[in-house]
Amino acid sequence: MLRKRLQSWLMLPALMLWGCGPAQEPEGGSSLGESAQPLLYAPPASASGNVLDSTEYMGRVELGGAVQTRFTANPQYLSFGFSVRPGAQVKLEVTHLGSSMYLDTGLFVYGPRRADGSYGGAALAQDDDSGYGQLSRVDALTLAQGGDYLAVVSTGTGAGKQFRLQLDCANGACAPVVDPALYRRCDWDVALPIKECVESTVDEYGVSLAEAYDSCTGPDDAHAFYREACHTGGNAPAWCQGGETQFALRMWPVCQDHFQHDYGL
């Protein structure tokens, strides 16, 4: 009797394993406990062959600077322009600081911009998860040709989440050389908004030209006019390559002097 009972106990584990059968593999072939393969959301091909037409252009990023914004849809492709000199080596990163938790991004670089304004449709570099967590980073990308390039940050699931894109120079020779002559006059893309601001302020508030001039040509106005000229499309004026600091130091005073003389101030 005891011998039969011991035999029954020894057979019990084998019967339990046989009854359970082999573990079923989930659909898609991945094993239990394994997360789904992340997807890299590349901008869709456009009929024009210009990737810019498949993105939402958000303006320029200066070398050594950063921009922070928010996704509003799934999927979404937000693009940013930047300019370099030949041989520049750049680093682009969607940083942990300034980006929402659990955000999954893709990062792409296109260019340089051609004479017809196109950045082409083939990425020079791309990355999915080389940054913090599921954020993206492109390290030490050498750009043999100088000119304008396009960085695209994408997401498939990040609607409502914010991110911060940082652009740095990795070899100390990135900033484009801008002809000083481009700053010697007040460019029309800046002069016209100043003129419209001054005249509309006079008409709307009944103030003097001097008062209107003062209200339209402060430091905040310089920033606003620079962004309006350089951040609203793919074909920014050539002087925009020098960045906002050079604009504020070199062209903005020329614009101020021009209107002071024009308005007899």
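Residue indices begin at 1 and follow the sequence shown.
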Inset, instruction - Would you kindly say whether Arg164 and Gln166 are connected by a side-chain donor-acceptor distance under 3.5 Å? - result: yes
Legend entry - Short side-chain to backbone donor-acceptor contact, Ser99 and Thr95, under 3.5 Å: yes
Legend entry - Atom of Cys197, atom of Thr201 and distance for their closest heavy-atom approach: O-OG1, 2.7 Å
Legend entry - Distance, nearest 0.5 Å, that separates OG1 of Thr217 from CD of Gln260: 7.5 Å
Inset, instruction - Evaluate the side-chain contact (heavy atoms from CB on, under 4.5 Å) criterion for residues Tyr149 and Val84: first the C-alpha distance (whole Å), next the side-chain angles of each, then the deciding distance (0.1 Å), finally the verdict. - result: CA-CA 8 Å; Tyr149 288 80; Val84 298; 3.6 Å; yes
Inset, instruction - Treating Ile, Leu, Val, Met, Phe, Trp and Tyr as nodes and any side-chain heavy-atom pair under 4.5 angstrom as an edge, say whether Leu124 and Leu63 lie in one connected cluster. - result: yes
Inset, instruction - Answer yes if the side chains of Thr157 and Asp104 hold a donor-acceptor pair under 3.5 Å, and no otherwise. - result: no
Legend entry - Co-membership, hydrophobic cluster, residues Leu167 and Val138, 4.5 Å side-chain: yes
Inset, instruction - Report yes or no: do Glu211 and Ser215 form a side-chain donor-acceptor pair below 3.5 Å? - result: no
Legend entry - Expected output: side-chain Arg137 to main-chain Ser130 donor-acceptor under 3.5 Å: yes
Inset, instruction - Could you tell me whether the side chain of Leu52 reaches within less than 4.5 Å of the side chain of Ser79, counting heavy atoms only? - result: yes
Inset, instruction - First locate atom CD of Gln89, then atom SG of Cys174, and finally report the distance between them rounded to the nearest 0.5 Å. - result: 7.5 Å
Legend entry - Check: Phe71 ring centroid to Phe163 ring centroid under 6.0 Å: yes
Inset, instruction - Specify whether Trp252 and Phe225 have parallel, tilted or perpendicular ring planes, treating 30° as the upper limit for parallel and 60° as the lower limit for perpendicular. - result: tilted
Inset, instruction - Report yes or no: do Tyr213 and Ile194 belong to one cluster of Ile/Leu/Val/Met/Phe/Trp/Tyr joined by side chain heavy-atom distances under 4.5 Å? - result: yes
Inset, instruction - Using modelled atom types only, decide if a donor and an acceptor are shared between the side chain of Tyr77 and the backbone of Val152 within a distance under 3.5 Å. - result: no
Inset, instruction - For residues Val178 and Tyr183, determine if any side-chain heavy atom of one lies less than 4.5 Å from a side-chain heavy atom of the other. - result: yes
Legend entry - Donor-acceptor contact present, side-chain Asp148 to main-chain Ser83, <3.5 Å: no
Inset, instruction - Indicate yes or no: at least one non-hydrogen side-chain atom of Pro86 is less than 4.5 angstrom from one of Gln145. - result: no
Legend entry - Rounded distance (nearest 0.5 Å) linking atom CG of Leu192 with atom SG of Cys186: 10.0 Å
Legend entry - Which atom of Ser154 lies closest to which atom of Tyr41, heavy atoms considered: OG-O, 2.6 Å
Inset, instruction - Look at the side chain of Ser100 and the backbone N and O of Gln162, then say whether any donor-acceptor pair between them is shorter than 3.5 Å. - result: yes
Legend entry - CZ-CD distance between Arg60 and Glu244, expressed to the nearest 0.5 angstrom: 11.5 Å
Legend entry - Backbone N/O of Gly98 and side chain of Gln68: donor-acceptor pair under 3.5 Å: yes
Inset, instruction - Please check if atom OH in Tyr132 has more than 12 non-hydrogen atoms from other residues, nucleotides or ligands closer than 6.0 Å. - result: no
Inset, instruction - List the steps, then state whether side-chain contact (heavy atoms from CB on, under 4.5 Å) holds for Arg114 with Tyr119. - result: CA-CA 6 Å; Arg114 306 166 188 164; Tyr119 291 90; over 6 Å; no
Inset, instruction - Might you work through the side-chain contact (heavy atoms from CB on, under 4.5 Å) test for Gln76 and Glu56, ending with a clear yes or no? - result: CA-CA 8 Å; Gln76 195 167 33; Glu56 296 176 50; 2.8 Å; yes
Legend entry - Distance-minimising heavy-atom pair for Ser46 and Ser54: CB-OG, 3.3 Å
Legend entry - Side-chain touch Phe108/Val51, heavy atoms, less than 4.5 angstrom: no
Inset, instruction - Taking ring pair (Phe, Tyr, Trp, His ring centres under 6.0 Å) as the test, write out the residues that go with Tyr205, two or more places apart. - result: none
Inset, instruction - Answer whether the closest heavy-atom distance between the side chains of Leu165 and Leu107 falls below 4.5 Å. - result: yes
Inset, instruction - On the 0 to 90° scale, with breaks at 30° and 60°, tag the Phe247-Tyr226 ring pair as parallel, tilted or perpendicular. - result: tilted
Legend entry - Backbone N/O of Gly243 and side chain of Gln246: donor-acceptor pair under 3.5 Å: no
Legend entry - Point-to-point distance, once rounded to the nearest 0.5 Å, from CG of Asp139 to CD of Glu93: 7.5 Å
Legend entry - Leu103 reachable from Val67 in the ILVMFWY side-chain graph, under 4.5 Å edges: yes
Legend entry - Linked, directly or transitively: Met58 and Val61 (ILVMFWY side chains, under 4.5 Å): yes
Inset, instruction - Compute whether any side-chain donor of one residue and acceptor of the other, for Thr155 and Thr105, lie under 3.5 angstrom apart. - result: no
Inset, instruction - Answer yes or no: is there a donor N or O on one side and an acceptor on the other, between the side chain of Ser136 and the main chain of Asp128, under 3.5 Å? - result: yes
Legend entry - Ala229 versus Asp189, closest heavy-atom pair with distance: CB-CB, 3.9 Å
Inset, instruction - Write down the atom of Val190, the atom of Cys255, and the distance for their closest heavy-atom approach. - result: CG1-SG, 3.9 Å
Inset, instruction - Check step by step if side-chain contact (heavy atoms from CB on, under 4.5 Å) holds for Thr55 and Tyr110. - result: CA-CA 12 Å; Thr55 72; Tyr110 298 85; over 6 Å; no
Legend entry - Minimal non-hydrogen separation, Gln126 against Leu40, with atom names: NE2-CD2, 3.3 Å
Legend entry - Separation between CG of Asp127 and CG of Leu135, rounded to the nearest 0.5 Å: 10.0 Å
Inset, instruction - Check whether more than 12 heavy atoms from other residues, nucleotides or ligands sit under 6.0 Å from atom NZ of Lys195, and answer yes or no. - result: no
